[in-house]
Amino acid sequence: MTALAAKMRDTPRWKWLLGGAVVAIPLLLGIGLTKDPSFIPSMIVGHEIPAFELSKLSGEGQVASSVLVGKPFVVNFWASWCVSCREEHPILIALGEQAAHSGSFTMVGINYRDGRSAALSYLDRHGRFPYPSGVDGRGRTGIDFGVYGMPETYFVDAGGIVRARHVGPLTREAIVKNLALIGAQP
Amino acid sequence: MTRLFAMLIASLLLAVAAQAASFRTEAEQETTVRAIAAKLRCPVCQSENILDSQSGTAKEMMTILREQLAQGRSEAEIVEFFRSRYGDYVMLSPPASGYGGLVWAAPLLLLLAGGGAYLLLLRRSTRASGALDAAAPERSPLTEQHLKGLEL
Amino acid sequence: MVDSLIKLGQLAVCLALVLSVYAVVQAVLSVTGHAPARLRAARNVLYANVALVSFGCATLIWSFATLDFSVAYVAANGSSQLPMIYRLTAMWGAHEGSLMLWLWYLTVLSAIAAWLHFRDHPLSMPWVIATLAAVQFGFLAFIVFLSNPFLTMTPPLTEGQDLNPLLQDPGLVFHPPVLYLGYVGFAIPFAFALASLIRTQAGTEWVKVVRGWTLFAWTMLTSGILMGGFWAYYELGWGGYWGWDPVENASLMPWLTGTALLHSMMAQDKRGLFRTWNVFLVVTTFLLTLIGTFLVRSGVLTSVHAFAVDPGRGAYMLGFLTMVMLVGYGLILLRSERLSADALVESAWSRESAILGNNVLLLVAAATVFVGTLYPLFVEAVSGERLSVGAPYFNKVVVPLMLAVVFLLGIGPSIPWRRMNPHRFKTGFRIPAAALVLALAVTLAFGVRDVLTIVAILAVSFAAAATLADVVTGIRARQRTTGEPLWRAAARSILIGRQRYGGLIVHLGIALIGAGIIASGLFQTAITVSLKPGDSFELAGNVVTLRGVEDADGPGYSGRAAILSISRDGVPLTEMRPQKRFYRVRSMATTEIAIRSSLAGDLYMVAGDETAQGGIVIRGYWNPLVNWIWAGWFVVAFGALLSLSSVRRKRAPRAVSAAGIEGVPAE
């Protein structure tokens with residue numbers, strides 16, 4: 001035991017460093033492998049929703065955050081050019097109908113960096129949403145939300161505080177989990 | 001008449017000066033735009049800044065940057081604007097506080113460690129050898145080497 | 001028939017995999033069993049693997065040439081619209097095939113190393129061959145099990161998905177092959193380093209071998225990096241050539257440690273110093289080449305250059321990397337005491353000390369790049385936060401370190417070994433000191449006030465002047481003593497002292513590159529304008545006028561070209577046609593920039609979006625002295641080859657070798 005301690009004491013410092021590197025570098029790279037390098041954490045979760053006032057994609061009027069606040073609501077960013085948006089499309093329609101039935105939350109879409117005609121023909125092909133979408137043609141609202149990967153969905157509580165963000169196509173599990181966070185009945 | 005003439009010249013000079021000034025501020029502003037844009041990371045690309053990126057989001061961020069500069073906002077305010085939306089991720093030059101501060105200190109610490117090791121080794125080594133041949137003949141730095149076999 | 005050909009290729013590579021295991025076993029057994037036949041068998045495997053892997057590559061290239069879309073890799077990276085030259089080079093256009101190129105290099109260099117050194121290093125040879133065969137096994141297994149380019153599909157596609165348009169460029173023909181040759185070249189020094197650790201001997205014979213291979217690998221790596229920069233410069237269209245992207249950093253790190261190694265090997269060669277350190281540098285450089293491959297191919301970092309991501313591949317690469325690290329660094333930890341140097345650094349005013357300083361600076365730079373590149377990973381692992389470490393950071397921290405290296409580059413070669421009288425310093429550096437003062441005066445006169453810029457200019461001028469003075473002094477000295485005419489004295493000196501003058505020429509080239517980087521990096525002018533036909537703008541004294549926009553279609557793409565006429569002081573100079581291209585198969589848009597080069601700098605035009613009324617947005621750059629970088633590369637390559645030509649094979653006298661190594665016949 002003492003022999004070992006003596007040996008450890010006599011080991012030069014650079015050996016400890018090199019030995020440490022042999023352990024630390026593979027460990028770090030290994031942890032890195034399990035992470036998604038393009039993931040950006042949301043800055044607005046836990047904060048008030050960025051205000052927006054966008055004209056509706058179809059029909060007159062506007063989609064405005066000021067009107068939505070007061071009841072839990074879900075904001076979905078979508079675009080006709082976004083391939084994985086097609087995957088979540090039926091789920092969105094179902095969620096919209098659910099919102100209309102239960103009345104415990106509202107659903108709203110934001111058409112992000114898209115052409116109006118492209119967006120409308122996309123909806124014709126894949127089915128219309130049972131809720132309005134606002135047009136964010138230049139992507140300013142998206143930048144305010146910190147949108148980086150499409151599609152993205154934000155869950156906002158009645159007080160207008162963003163409680164969760166989902167990046168990528170929505171799943172039923174994500175919906176159940178996040179609706180509970182904003183006090184809406186799934 | 002002379003007064004009119006003087007006024008004319010003065011206004012002409014003023015116009016030229018204003019023109020030059022506006023040109024200069026335009027050029028200066030473009031330099032500032034590029035300098036700030038080079039420090040902002042495009043959030044939708046693979047490690048590119050918003051200046052070089054051709055993505056729509058990056059182009060819109062460039063527009064926002066220009067607008068805010070024209071409104072007289074400072075670089076720090078503009079960076080903060082994007083940081084409050086995308087986090088530290090958007091800063092290609094990491095923030096000087098928190099974890100970002102550590103990475104700024106790293107080269108300095110490494111240099112100190114390297115310099116320390118260099119001095120230590122040199123002192124140990126020269127001390128050990130100094131006793132051996134204090135009176136070693138000095139070699140000419142240049143010519144001798146060049147002449148002999150050039151085995152350097 | 002074609003289908004069976006690609007299967008034969010796969011079979012050959014699988015056979016090489018089996019043989020590599022056999023070679024490792026035979027080589028290791030040859031040590032204990034005193035069995036020369038085993039060692040020869042192991043060596044012959046290295047030869048055989050060249051043939052097998054070459055055949056594998058040939059079947060793949062043949063499949064591209066004949067557009068055999070039943071081969072999945074060809075279908076993913078080729079198309080009938082692809083010109084023949086890019087079909088032939090498409091093999092290394094994506095992950096699987098580029099690994100094949102890597103592997104092919106490894107087999108060829110292993111065989112060359114075995115052939116060159118088999119007789120002269122009989123005691124090291126078992127371990128050298130075992131290491132090389134083991135590394136081959138690592139890559140072969142990766143290819144066969146996780147990155148197989150020989151997979152076929154039934155039914156075959158009728159059309160392929162085309163090669164990435166960015167890679168449809170002469171740059172692809174040269175950049176990856178040269179860069180990979182640099183990376184793989186460091187495998188040979190690594191094999192010899194392991195052998196010396198296992199045998200606990202790193203004598204002079206080791207030095208000669210490692211120096212030669214390191215110089216070769218370094219030259220290729222330098223060329224590969226510069227070619228990559230050149231390619232990025234004219235293909236990516238952002239006006240620069242280096243973006244501190246993780247993958248670029250991955251190539252810079254082994255370059256920095258390899259450069260340190262080249263210098264500290266000299267100290268071991270001449271003075272027997274830094275033995276353990278050199279072994280450490282060899283192992284580290286090789287490891288960094290593997291880490292580079294890992295970073296590019298595992299998807300652990302985002303990068304413009306990254307290959308398609310697959311976590312299984314990442315895990316394998318990490319395992320392989322960890323094994324190499326454990327063996328390499330583990331052996332250093334166990335054996336370092338027995339490699340101690342038999343000499344000491346005698347004075348701070350000595351070449352040894354300068355080399356030590358060079359090593360410290362280069363290693364700190366390499367470590368800084370390493371830390372900066374992996375730091376976002378570290379932060380996410382500890383805190384879950386995301387941050388970026390990008391170009392502004394690296395420019396700020398690495399550039400000052402490199403400037404210090406450049407200063408030292410001017411001083412180092414004129415300091416003698418062992419010790420020098422500090423007073424000599426004054427007389428030896430009269431010319432460079434004068435250059436320093438002159439450069440300072442000129443810089444200040446031109447109104448440069450930024451401290452870093454001034455220091456950069458001074459460093460480069462000093463280094464260039466000192467190196468030139470060094471060369472001239474040497475030639476003059478010979479001229480004085482021999483009475484030869486100047487040109488003959490110059491030729492003779494350089495020819496006789498190839499190692500020294502080669503090094504000095506490399507230093508000159510580095511100073512040229514440094515000047516180019518400083519000028520184009522710090523004094524670049526850029527402008528973005530929206531032009532209508534007939535509009536013009538001014539850039540660095542040139543008047544650029546838009547004549548119009550026209551179609552410019554080519555194989556596999558439709559393009560639009562802006563026609564710009566350039567004039568200076570009313571005199572028309574030339575026409576430039578930057579293009580935007582749209583590649584149909586991959587539905588991908590690229591920009592083709594236009595460059596007008598001169599010694600003073602490049603006029604660089606990028607076409608942007610077209611506007612109404614036949615107008616277009618043009619991004620123009622003036623990149624001063626950027627050509628000096630590419631010119632410097634030629635100088636560096638020339639110097640390095642000159643120096644390489646001085647590396648002679650050490651032929652051990654027959655009698656000695658026979659006595660020293662019983663059992664191994666001297667063929």
Side-chain angles (χ1 to χ4, degrees), chain B residues 27 30-31 34 38-39 41 45-49 51-54 86-95 98-100 102-104 106-108 110-111 113-115 117-119 121-130 132-133 136 138-147 149-152, chain C residues 238 240 243 245-246 270 301-304 306 344-348 353 356-357 360-361 363-364 367-368 371-372 375 379 383 385-393 396-398 401 413-421 424-425 428 470 473-474 477-478 481 493 496-497 499-501 526-528:
Chain B
E30 191 54 31
T31 319
R34 298 179 60 84
K39 291 182 195 155
R41 182 171 185 171
C45 327
Q46 315 274 349
S47 72
E48 263 183 304
N49 61 36
L51 182 66
D52 300 329
S53 168
Q54 294 298 309
Y86 289 104
D88 290 345
Y89 184 86
V90 83
M91 299 167 74
L92 279 171
S93 182
Y99 282 106
L102 199 59
V103 78
W104 282 110
L108 210 64
L110 286 167
L111 194 63
Y118 169 78
L119 289 177
L121 199 134
L122 210 62
R123 209 178 57 183
R124 238 188 247 163
S125 202
T126 46
R127 250 192 214 154
S129 74
L132 292 176
D133 51 359
E138 186 217 329
R139 291 215 290 177
S140 150
L142 300 169
T143 46
E144 192 182 319
Q145 292 163 7
H146 288 285
L147 283 174
L150 304 137
E151 269 288 324
L152 276 204
Chain C
W238 48 275
D245 181 272
K270 304 297 175 205
L301 297 169
T302 54
S303 154
V304 221
L344 293 159
V345 179
E346 292 169 22
S347 154
S353 161
L356 202 59
V360 166
L361 289 170
L363 263 281
V364 169
T368 303
V371 168
Y375 195 69
V379 172
S383 72
E385 285 172 42
R386 298 278 303 158
L387 60 67
S388 305
V389 180
Y393 170 84
K396 227 170 247 167
V397 299
V398 177
L401 285 169
S414 1
I415 305 179
W417 295 99
R418 298 174 74 95
R419 64 177 66 235
M420 95 185 271
N421 186 337
R424 290 271 183 194
F425 219 67
D470 224 1
T473 317
R478 184 185 174 88
T481 38
S493 318
I496 297 170
Q499 187 182 338
R500 176 179 169 81
Y501 284 98
I527 187 167
T528 310

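The chains referred to below are lettered A, B, ... by the order of the sequence lines, with proteins before strands, and numbering in each begins at 1. Computed from a predicted model, the values in this text were never measured in an experiment.
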For each of [options], tally heavy-atom pairs with chain C at distances under 4.5 Å, and name the one with the top tally.
options	value
B:N49, B:L51, B:L122, B:V103	B:V103
B:G114, B:A106, B:P107	B:P107
B:L108, B:L119, B:L92	B:L92

Residue pair C:R478 / C:S493: nearest heavy atoms and the distance that separates them: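 Smallest interatomic distance, heavy atoms only, reads CD-OG, 3.2 Å.
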Taking all atoms of both residues into account, what is the closest heavy-atom pair of C:A391 and C:G243, and its distance?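 Result for this residue pair: CB-O, 3.9 Å.
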Going by the rule ring pair (Phe, Tyr, Trp, His ring centres under 6.0 Å), which residues pair with C:Y393 if we only count those two or more places apart in sequence or in a different chain?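 In terms of ring pair (Phe, Tyr, Trp, His ring centres under 6.0 Å), with neighbours along the sequence ignored, C:Y393 is linked to B:W104.
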Donor-acceptor contact below 3.5 Å, side chain B:Y118 vs main chain C:L361: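 Checking the backbone N and O of C:L361 against the side chain of B:Y118, no donor-acceptor pair under 3.5 Å is found.
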For B:D52, salt bridge (Lys or Arg N to Asp or Glu O under 4.0 Å) partners two or more places apart: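 Salt bridge (Lys or Arg N to Asp or Glu O under 4.0 Å) check on B:D52 returns nothing, list empty.
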For [X], which atoms come within 4.5 Å of any heavy atom of chain B: side chain, backbone, both, or neither?
X	result
C:L401	side chain
C:V389	both
C:V364	both

State the CG-CE distance between B:D88 and B:M91, to the nearest 0.5 angstrom.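 B:D88 CG to B:M91 CE: 6.5 Å, rounded to 0.5 Å.
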In terms of heavy-atom proximity below 4.5 Å to chain C, should B:L121 be classed as side chain, backbone, both, or neither?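 Interface part for B:L121: side chain.
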For B:A38, which atoms come within 4.5 Å of any heavy atom of chain C: side chain, backbone, both, or neither?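 Backbone of B:A38 only, per the 4.5 Å heavy-atom cut-off to chain C.
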Which residue out of C:T368, C:V371, C:V398 racks up the most heavy-atom pairs below 4.5 Å with chain B?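 Ranked by contacts with chain B, first place is C:T368.
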Against chain B, work out which of C:P392, C:S388, C:A526, C:G357 has the most heavy-atom pairs shorter than 4.5 Å and name it.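 Among the listed options, the one with the most contacts to chain B is C:S388.
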